[in-house]
Amino acid sequence: MTNSSTDEPGPLLGPADIRELAATLGVRPTKQKGQNFVIDANTVRRIVRTAEVRPDDVVVEVGPGLGSLTLALLETADRVTAVEIDDVLAAALPATVQARLPERADRFALVHSDAMKVTELPGPAPTALVANLPYNVAVPVLLHMMATFPTIERTLVMVQSEVADRLAARPGNKVYGVPSVKANWYAEVKRAGAIGRNVFWPAPNVDSGLVSLVRRDKPLDTTASRDEVFAAVDAAFAQRRKTLRSALAGWAGSAAAAEAALVAAGVSPQARGEALTVEEFARIAEHKEAAAQ
C-alpha cells in the first residue's frame, strides 16, 4: 500500500486504504455525524507539524474516525489516546494501529465514549489535543476538553472554516462572539492555516481551517469564577445588537445594576459585547454583586 501523494510505502492511510477500510467495516460517512475522513497523508503530517507535537507529548485525539491522523500522531508523540463515540469505528481502530504501527501499538489507548462526557483519560495526563472535529460539535467539545484537562498546553483543531474564524476572532470583528471569548479564557488563539476540501472523503461543501490554542501560562487574573464570567459573556451575546446596559440587565438584576457594574469595571454602558476582551468581561463579573447591592 502507498501513501497518498507520495510513492513511499508507509503506515499512513491513503485514499484507497480509507475506502477499503470503510467498505470492510460497512461504514458510510454520514452528514448527521459530521463525518469526513482525511484521505491525504501529507495533510495529516502537516497537522502534526503545525501542532508542534513532540516526542514526549501525550496527545488526546477526539473523533479519530478510521485512524488517518491517529497514525501520524503515533509516529511522533510518546502516547496517543483517541476518544471515539462511534461503535464500529471504536472497535476497529486498535486493529488498524496494530496492523500499521505494531511497534507503537502499546503507546495507543482508545476511549469509547462521547467526548462531551469524558472526565478522565487512561495513562499519563495529556499535554496536547489534536483533532479533526465535526463542525456541529466542535466548539462545545473543544471548550469541554480545555476545561476538563488543564494539563493540555497546546491544542490544534481542524474545524469548518467559519468556526475557525469565530474561534480566532478579535474584539471588534463581526464574527467575534461567545466561542471567541470563551476560548480566550483558556488560551492564546489564532488561525494556523487552511485545509482544502479535496483531502476529505466525502469532500465537504465547506472549507476547513486549523486553529491553534496555546494555554495561558497563568490563569486570567480575576476574582470572578469561570462560570460567573461565562454567564456575563452569554448574556452579552444573547442580545448582541443591544448595548451592554440593556443586554446585561437580566444577568445583573436590572439595567441600573448592569450600568453600575459596567462603570465600576471601566466599560462604557453603551458598548456592545463584540467590543470587549475576556479581561473586560471578567472585570464586569467581578463587579456584579457589588452593583446589585
When clusters are formed by joining ILVMFWY residues with side-chain heavy atoms under 4.5 Å apart, either directly or through shared neighbours, do [X] and [Y] land in the same one?
X: L244; Y: V263; result: no
X: V206; Y: L133; result: no
X: L276; Y: V175; result: no
X: V214; Y: M158; result: no
X: V38; Y: I85; result: no

Is [Y] close to [X] at the side-chain level, that is, under 4.5 Å between some pair of heavy atoms?
X: V44; Y: L71; result: no
X: K182; Y: M146; result: no
X: V137; Y: M116; result: no
X: E84; Y: V111; result: no
X: T81; Y: P126; result: no
X: R216; Y: E188; result: yes
X: L69; Y: V48; result: yes
X: L93; Y: F108; result: yes

Check the pair F230 / V181 against side chain to side chain contact (heavy atoms under 4.5 Å, CB included), numbers first and verdict last.
-> CA-CA 9 Å; F230 282 11; V181 185; over 6 Å; no
Under 3.5 Å donor-acceptor, [X] side chain and [Y] backbone:
X: R245; Y: P269; result: no
X: N36; Y: P202; result: yes
X: R170; Y: A168; result: yes
X: D234; Y: A231; result: no
X: R240; Y: A247; result: no
X: R215; Y: I152; result: yes
X: R79; Y: G123; result: no

Over 12 non-hydrogen atoms of neighbours within 6.0 angstrom of [atom1] in [X]:
X: D56; atom1: CG; value: yes
X: D217; atom1: CG; value: no
X: E279; atom1: CD; value: yes
X: E120; atom1: CD; value: no

If every non-hydrogen atom of [X] is compared with every non-hydrogen atom of [Y], which pair is closest and at what distance?
X: L248; Y: A236; answer: CD2-N, 3.8 Å
X: P122; Y: A109; answer: CG-CB, 4.1 Å
X: A252; Y: A257; answer: O-CB, 3.6 Å
X: L110; Y: A90; answer: CD2-O, 3.2 Å
X: V58; Y: A125; answer: CB-O, 3.6 Å
X: V83; Y: A115; answer: CG1-CA, 3.9 Å

Could you measure the distance from the [atom1] atom of [X] to the [atom2] atom of [Y]? Nearest 0.5 Å is fine.
X: L12; Y: S68; atom1: CG; atom2: OG; value: 8.5 Å
X: T119; Y: F149; atom1: OG1; atom2: CZ; value: 6.5 Å
X: M145; Y: T155; atom1: CE; atom2: OG1; value: 8.5 Å
X: R45; Y: L73; atom1: CZ; atom2: CG; value: 12.0 Å

Passing option when [X] is tested against [options] for side-chain contact (heavy atoms from CB on, under 4.5 Å):
X: V130; options: V53, T50, V80; value: V53
X: L220; options: N184, V229, V278; value: V278
X: I47; options: V157, L156, N132; value: L156

SB check D165 K174 (cutoff 4.0 Å) | no
For the residue pair W201 and F37, does the interplanar ring angle fall in the parallel (under 30°), tilted (30 to 60°) or perpendicular (over 60°) class?
-> tilted
Which class fits the ring pair F281 and F237: parallel under 30°, tilted 30 to 60°, perpendicular over 60°?
-> tilted
